[in-house]
2 protein chains.
Amino acid sequence: MDKRQTILAATMKLFGQKGFEGTSVREIAAEAEVNPAMISYYFGSKEKLFENLVEQRAAFLKGVFAEVVKNPTLSHIEKLYIMIDSYVDRIFLSPQFHHLLHRELSMERRPQMKDAIAEILLRNFVSVKKMIQDGIESGEFKKVDTELTIASIVGTISYLLSSEVMCRKMLQKNKDFNPYQSRKLKERVGEYLKELMRSHLLIK
Amino acid sequence: MDKRQTILAATMKLFGQKGFEGTSVREIAAEAEVNPAMISYYFGSKEKLFENLVEQRAAFLKGVFAEVVKNPTLSHIEKLYIMIDSYVDRIFLSPQFHHLLHRELSMERRPQMKDAIAEILLRNFVSVKKMIQDGIESGEFKKVDTELTIASIVGTISYLLSSEVMCRKMLQKNKDFNPYQSRKLKERVGEYLKELMRSHLLIK
DNA sequence: ACCCTAATTAAACGTTTGTTTAATTTCAAA
DNA sequence: TTTGAAATTAAACAAACGTTTAATTAGGGT
């Protein structure tokens, strides 16, 4: 197996759980079952390792929204449904990576990294925004605050999944309920957001 | 002046900016202009210092929602308006503390601290939930997903303010725009959320 | 079988970490 | 003025940190 990938996987796990400064290079090495020196050898430094991780994961989340926007056979609300499902899938797929990005964003260390992350998170922002504005111009949607509407979509998912403890308490679930792996919850969030957006956007 | 308070203020600033593990005791001491040993002297340890900080701030954010719910002269949507304004005020007042709490929540260190934080954040959750449910039973509100509705309110604000960089990029503002201190933005978020909740909750 | 480069290792590097120690200063009560 | 507890300090502590070094191993190309 590829040792670089093994290290990146261990890094993802530990940075996700304990954050960048909360994780030591030695911990990562132990998790990946490699010698600590291998991390410097392959990545140069802990910080470069972080950059590599974000880069790799970001490439994974390539934006496919641009195509959806252009599709002429779909109504605007149908396009939005696709985007909602896409967001829900994405965050449920790797909530820890999502946390990692937002944790980094909310801190005042490594400003260049913050810029890169904002770039990644907003990659699809433009497409969604354009789509909603098209919907408004076409008369299908009400004249809403476009930017904040997007914040509501992503923010709802993000807040709900901000931690397993929090999610369980909010939804009054018992301890063995695993929010991140619950398909039921995922569907519930998707359906809720679509209903929210219907009443928010569609002209009665 | 009270040295304990000086240290707590410095801690708030630095933990907010760089996180718990990202801030050293010596940095805090320098910021507060005290000897590093004073932190152990007054608080015992860095972790206890953190607990003291959260405790102090949490007391500051005491829940006043219970009274609002009982008030018979207000309609349910009016009660919700008050709660929305309260949330907006709260997060805009000290976004860095808000970040600090959520950062800690999203990490798997110090589980007891996580429980305490979830407790604080959900302190008003029950009141809001009850209020929405009352609104549904009285026929004023549609039968919505109560828990996720609350997640939308808090999540929207939280996501928008997740970082100054992010906020500026989302709203396409220039570099000298300070989101956290913009009264205009605060009002915009409040108005947006009220409109969102009107269309989401009120029966046409 | 030889060679060379890449991979891997244990050990050590110099810093920085949170915390403690032991000595000193401060200052109000006696 | 003396006394004693609280406050404050500089220095030192051991442990952990990210990283480097220097030596060794591995393995395909010639």
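Just so it is clear: chains get the letters A, B, ... in the order the sequence lines come, proteins before strands, and each one is counted from 1.
With respect to A:Arg109 and A:Glu104, no salt bridge is recorded, no charged nitrogen being found less than 4.0 Å from a carboxylate O. Electrostatic pairing of A:Glu47 and A:Arg110 does not count as a salt bridge here, judged by no charged N lying under 4.0 Å from a carboxylate O.
A straight line from CG of B:Asp2 to C1' of D:dT8 spans 15 Å, rounded to a whole angstrom. The nearest whole Å value for the distance from the CZ atom in A:Arg26 to the C1' atom in C:dA11 is 11 Å. We find that CZ of A:Arg4 is positioned 10 Å from P of C:dA7, with the value rounded to whole Å. As a whole-Å value, the separation of A:Glu27 CD from D:dG18 C1' is 13 Å. Here C:dG18 presents its P atom at 13 Å from CZ of B:Arg109, a figure rounded to the nearest Å.
Listed by residue number, A:Ala37, A:Ser40, A:Ser45, A:Lys46 are the residues of residues 30-48 of chain A with a heavy-atom contact under 4.0 Å to DNA chain D. Near DNA chain D, meaning a heavy atom under 4.0 Å from it, residues 7-19 of chain B has no residue at all.
Applying the 4.0 Å criterion to OP1 and OP2 of C:dT17, one finds that B:Ser24 has a side-chain N or O inside that range.
Annotation: cation-pi pair A:Lys46/A:Phe20 present, NZ/CZ under 6.0 Å from the ring centroid and within 45° of its normal.
Taking the six-membered ring where the residue is Trp, A:His200 and B:Tyr192 present perpendicular rings, their angle passing 60° and hence far from 30°.
B:His98 and B:Ser158 form a side-chain donor-acceptor contact under 3.5 Å, judged by distance and modelled atom types alone. For the residue pair B:Arg4/B:Asn52, the side-chain donor-acceptor check at 3.5 Å is satisfied.
The distance between the ring centers of A:Phe50 and A:Phe15 falls below 6.0 angstrom. Checked against a 6.0 Å centroid threshold, the rings of A:Tyr87 and A:Phe65 count as neighbours.
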